[in-house]
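Single-structure report; data block below.
Every heavy atom of this structure was used, including side-chain atoms; hydrogens, water molecules and symmetry mates were not. Bear in mind that the values here come from a model prediction, so they are computed numbers and not experimental data.
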Amino acid sequence: MVGAPGGKARGTGAAGKAAPAGASLPAAANNSRLTVLSGPSGVGKSTVVAELRRRSPEIWISVSVTTRSPRPGEVNGREYYFVTREEFDRMVAAEELLEWAEFAGNKYGTPAAPVRDRLERGLPTLLEIDLAGARQVRETMKDDALLVFLKPPSWAELVRRLTGRGTEPPEVVERRLAVAKEELAAAGEFDVTLVNTSVDEVCRQMVTLIVSLVNRSKSVRKATRGSNPGRSRHHQPADRRAP
Ligand code: 5GP
């Protein structure tokens, strides 16, 4: 692996639909500052993350490890830690990853230690991961994480973005589109759905969500003096129209 995963921020930004500024936060994540951003490949998660990193450096963004090769412009330790399959497998065996998944032929995972460290220090923390990873976080963190799903304005737009990127060979694009179909069908599992019509708008909505989370976390902690309050989940209705 090139460089140890340690805790450099990967920025985020998003735009969407179901969480207008000032909207009350879904009842998930009562006592946590962990937000997970997921959504199909090509929807614009990494653009949103990069913009969030620029605008809101107070939000710590986890840097994943991956076995995929760097794309032009990607920097080891910023977008990802680029590792060999052997190193990735070693990290899995050593239980160093909070979650991990295989995606379109490559492996991706979240180094656990830096995330735990940020959460223990009460810092707003963001993961940008795929559906399988988001499901694992839901499983391990239960309602102590807010799951945000980013969807494209339309299926045609997602195809355009994925094919237009020009960074992957056609067979990889095909695989990513097939996975995207499955991922879009899972939007209802998330607490909030945002539609990426504008990076600026998604970023604003993400910041609003994350700030609400931090504020509520503070007031819940104060009110309960550290006890774990009862949580009632409320799923904001996700837009289930065919993309
Ligand atoms: P890409 O190769 O386009 O950068 O990422 C492919 C997919 O892997 C995206 O959906 C991205 O969100 C996801 N991904 C990135 N890092 C992680 C991670 O640490 N864990 C999981 N489960 N998925 C990740």
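- With values rounded to the nearest 0.5 angstrom, R118 atom CZ is found 5.0 Å from R121 atom CZ.
- The pair E102-R68 does not meet the salt-bridge criterion, since no charged nitrogen lies less than 4.0 angstrom from a carboxylate oxygen.
- Residue pairs meeting the ring-ring contact (aromatic ring centres under 6.0 Å, His included) criterion with at least one member in residues 193-214: none, sequence neighbours excluded.
- Legend: residues meeting ring-ring contact (aromatic ring centres under 6.0 Å, His included) with F103, ordered by chain and number and at least two apart, are absent.
- For the atom pair OG of S69 and CD of E74, the computed distance is 10.0 Å after rounding to the nearest 0.5 Å.
- If you take NZ on K107 and CG on L97, they are separated by 10.5 Å, rounding to the nearest 0.5 Å.
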Test side-chain contact (heavy atoms from CB on, under 4.5 Å) applied to T84 and T67, step by step: CA-CA 6 Å; T84 61; T67 61; over 6 Å; no

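- G109 and F88 make their closest contact through N-CE1, 3.6 Å (heavy atoms, listed as atom of the first residue, atom of the second, distance).
- Using a 4.5 Å cut-off on side-chain heavy atoms (C-beta onward), E87 and V65 make no contact.
- The nearest pair of heavy atoms linking N76 to F82 is OD1-N, 2.9 Å.
- In this structure, E95 places its CD atom where only 12 or fewer heavy-atom neighbours from other residues, nucleotides or ligands lie under 6.0 Å away.
- Under the 4.5 Å side-chain heavy-atom criterion for grouping Ile, Leu, Val, Met, Phe, Trp and Tyr, W155 is connected to L162 within one hydrophobic cluster.
- Residue F190 is tested with L146, L37, L131 for a side chain to side chain contact (heavy atoms under 4.5 Å, CB included); the sole match is L131.
- Residues Y80 and Y108 bring their aromatic ring centres within 6.0 Å.
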side-chain contact (heavy atoms from CB on, under 4.5 Å) assessment of E128 paired with V36: CA-CA 6 Å; E128 186 248 286; V36 173; over 6 Å; no

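- Atoms CG and CG, from L213 and L34 in turn, are 8.5 Å apart once rounded to the nearest 0.5 Å.
- Inter-residue side-chain proximity for E99 and I129 is flagged as met; some heavy-atom pair is nearer than 4.5 Å.
- You'll find the side chain of V192 reaches within 4.5 Å of the side chain of L209, heavy atoms only.
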From CA spacing to verdict: side-chain contact (heavy atoms from CB on, under 4.5 Å), K151, L194: CA-CA 6 Å; K151 64 180 285 189; L194 303 178; over 6 Å; no

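- The shortest non-hydrogen separation linking I210 to P124 is CG2-CB, 3.7 Å.
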Trace of the salt bridge (charged side-chain N to carboxylate O under 4.0 Å, His left out) decision for R71 with E79: CA-CA 10 Å; R71 293 186 185 126; E79 282 81 11; over 6 Å; no

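- K45 places a side-chain N or O within donor-acceptor distance of the main-chain N or O of G39, the cut-off being under 3.5 Å.
- Closest non-hydrogen pair, G42 versus L158, comes out as C-CD1, 3.6 Å.
- Judged purely by atom type and a 3.5 angstrom limit, N196 uses its side chain to pair as donor or acceptor with the backbone of V43.
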Derivation and outcome, side-chain contact (heavy atoms from CB on, under 4.5 Å), residues L150 and T193: CA-CA 6 Å; L150 187 62; T193 298; over 6 Å; no

Verdict with supporting geometry, R138 and D144, salt bridge (charged side-chain N to carboxylate O under 4.0 Å, His left out): CA-CA 8 Å; R138 174 61 88 215; D144 283 343; over 6 Å; no

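- Closest heavy-atom contact between P40 and L184: CG-CD2, 3.8 Å.
- The main-chain N or O of E58 is never found under 3.5 Å from a side-chain atom of S56 such that the two would form a donor-acceptor pair.
- Shown here are the side-chain hydrogen bond (donor to acceptor under 3.5 Å, both in side chains) partners of R55, two or more places apart in sequence or in another chain: E51, D200.
- Linking Ile, Leu, Val, Met, Phe, Trp and Tyr residues whenever their side-chain heavy atoms come within less than 4.5 Å places V92 and Y81 in a single cluster.
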Residues E157, R161; criterion salt bridge (charged side-chain N to carboxylate O under 4.0 Å, His left out); working and verdict: CA-CA 6 Å; E157 178 60 16; R161 287 181 192 176; 2.9 Å; yes

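- Proximity of V148 to T35: side-chain heavy atoms (C-beta onward) are separated by under 4.5 Å at one or more points.
- Considering every non-hydrogen atom in both P111 and S62, the closest pair reads CD-OG, 4.5 Å.
- Ion pairing of E139 with R135 is absent here, as no side-chain N (NZ or NE/NH1/NH2) approaches a carboxylate O to less than 4.0 Å.
- Residue Q136 holds its CD atom at 8.0 Å from CG of D130, rounded to the nearest 0.5 Å.
- Atom CZ of R33 sits about 9.0 Å away from atom OG1 of T125, to the nearest 0.5 Å.
- Taking the side chain as every heavy atom from C-beta outward, W60 and P114 approach each other to under 4.5 Å.
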